[in-house]
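See below for the structure under consideration.
As a basis for the values below, the full set of heavy atoms in this structure was taken, side chains included, without hydrogen atoms, waters or symmetry mates. Letters A, B, ... mirror the listed sequences (proteins, then strands); counts begin at 1.
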Amino acid sequence: MKAQSVKLPISTSDGQFVARYTEKGLAELNFPLVGTLRCGVRTSQRDVPTKVRRWHQVTVAALKNILAGRSPKKFPPLDLSNGTTFQRKVWNALRKISCGQTKSYGEIARAIGKPNAVRAVGGACGANPIPVLIPCHRVLAANKKLGGFSGGLNWKRKLLTREGVMFR
DNA sequence: GTCACCTTAGAAG
DNA sequence: CTTCTAAGGTGAC
């Protein structure tokens with residue numbers, strides 16, 4: 001039995017994001033699609049449960065706030081059940097980084113009690129199913145270097161710049 | 001068991 | 001300043 005999920009589009013000035021919801025909440029958020037990845041995305045909300053539509057409204061508002069460099073006042077429930085225990089610890093730590101602030105991978109590692117798992121933290125960030133809402137882009141390398149970003153370094157630069165963060 | 005990673009501290013040029 | 005190495009935890013195969 002596979003978990004039921006619904007994909008809904010989010011139009012922003014940066015393109016169309018896609019949110020995926022399960023029975024538990026927001027499970028995934030994708031950057032604007034480039035190719036033919038839009039299969040399964042609902043174009044109408046007609047058959048979408050009321051519960052999900054309500055979450056979606058919150059998600060859209062939160063996403064647009066962050067894209068504009070502001071802190072969202074409200075988050076939708078997140079379904080992180082597909083992540084490992086370690087990954088959930090990392091993602092939870094990431095959510096504590098507020099707008100305009102940054103941390104290093106090493107700081108995250110220490111925050112979750114695994115001071116040497118710096119590289120693993122990077123891996124967990126890369127596996128983050130909900131970029132932007134879980135601010136993996138606010139994590140820089142130890143020497144304030146940009147580091148990497150699976151979703152594309154251009155996004156990381158753009159988001160940080162809008163939040164007024166300086167990096168090299 | 002192997003290998004790839006969104007790392008880091010330290011050594012060397 | 002720069003590039004290079006080794007060590008390192010976790011996850012996917």
Side-chain angles (χ1 to χ4, degrees), chain A residues 1-5 7 10 12-22 24-37 39-40 59 62-72 75-168:
Chain A
M1 177 79 91
K2 189 184 176 198
Q4 181 75 339
S5 66
K7 294 184 185 178
I10 302 178
T12 72
S13 53
D14 292 291
Q16 178 182 280
F17 286 67
V18 175
R20 185 172 68 82
Y21 299 88
T22 65
K24 298 175 186 173
L26 178 64
E28 192 178 346
L29 184 66
N30 296 309
F31 284 109
L33 305 176
V34 279
T36 57
L37 288 174
C39 55
T59 300
L63 176 61
K64 290 188 175 179
N65 269 320
I66 297 180
L67 289 179
R70 295 183 53 82
S71 274
F75 283 92
L78 306 181
D79 179 7
L80 270 23
S81 60
N82 55 335
T84 65
T85 300
F86 178 82
Q87 290 172 332
R88 280 190 295 238
K89 277 186 189 171
V90 173
W91 299 337
N92 191 55
L94 292 181
R95 294 185 58 191
K96 294 175 186 167
I97 308 176
S98 55
C99 184
Q101 293 184 133
T102 62
K103 288 203 171 206
S104 70
Y105 294 96
E107 286 176 307
I108 298 294
R110 284 193 289 278
I112 62 176
K114 300 279 185 180
N116 295 318
V118 288
R119 220 165 166 186
V121 168
C125 290
N128 173 17
I130 314 176
V132 187
L133 291 202
I134 293 180
C136 47
H137 58 280
R138 293 182 188 138
V139 184
L140 301 178
N143 11 337
K144 279 67 177 179
K145 284 185 303 189
L146 195 52
F149 196 63
S150 294
L153 276 175
N154 48 326
W155 277 110
K156 192 169 183 175
R157 286 200 188 89
K158 184 184 295 185
L159 290 167
L160 287 173
T161 299
R162 288 180 186 174
E163 294 182 7
V165 173
M166 301 305 272
F167 51 88
R168 80 160 191 150

Partner set under side-chain contact (heavy atoms from CB on, under 4.5 Å) for A:P129, not counting sequence neighbours: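 A:P129 satisfies side-chain contact (heavy atoms from CB on, under 4.5 Å) with A:W91 only.
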Salt bridge (charged side-chain N to carboxylate O under 4.0 Å, His left out) partners of residues 77-106 of chain A, not counting sequence neighbours, each pair once: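 As it turns out, there is no salt bridge (charged side-chain N to carboxylate O under 4.0 Å, His left out) pair with a partner in residues 77-106 of chain A once direct neighbours are skipped.
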More than 12 heavy atoms from other groups under 6.0 Å of NZ on A:K24: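 Incorrect, the count does not exceed 12.
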Side chain of A:R168 (C-beta onward), nearest among C:dT10, C:dT2, C:dG11: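 Nearest to the side chain of A:R168 among the choices is C:dT2.
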Please check if the side chain of [X] supplies one atom and the backbone of [Y] the other of a donor-acceptor pair under 3.5 Å.
{"X": "A:K64", "Y": "A:T12", "value": "no"}
{"X": "A:E107", "Y": "A:S104", "value": "yes"}
{"X": "A:K156", "Y": "A:V139", "value": "yes"}
{"X": "A:D14", "Y": "A:L67", "value": "no"}

Sugar-phosphate, base or nothing in reach of A:A120, heavy atoms under 4.0 Å: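 Here A:A120 touches the bases of the nucleic acid.
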Parallel, tilted or perpendicular, as decided by the 30° and 60° cut-offs, for the rings of A:W155 and A:F17: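 Rings of A:F17 and A:W155: perpendicular, as their planes differ by over 60°.
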Pairing annotation in dot-bracket form, given for DNA chain C with Watson-Crick or G-U pairs under 3.5 Å and | for cross-strand partners: |||||||.|||||
Nucleic acid contacts - residues 85-102 of chain A versus DNA chain C, non-hydrogen atoms under 4.0 Å: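 Hits under 4.0 Å, by residue number: A:F86, A:Q87.
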Side-chain heavy-atom pair A:R138, A:V165 within 4.5 angstrom cut-off: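 Of all side-chain heavy-atom pairs linking A:V165 with A:R138, none is under 4.5 Å.
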Any pair counted as side-chain hydrogen bond (donor to acceptor under 3.5 Å, both in side chains), so long as it reaches residues 142-153 of chain A, sequence neighbours left out: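 Listed by first then second residue: nothing to list.
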Per-nucleotide protein contact string for nucleotides 6-13 of chain B (B base, S sugar-phosphate only, - none; heavy atom under 4.0 Å): BBSS----
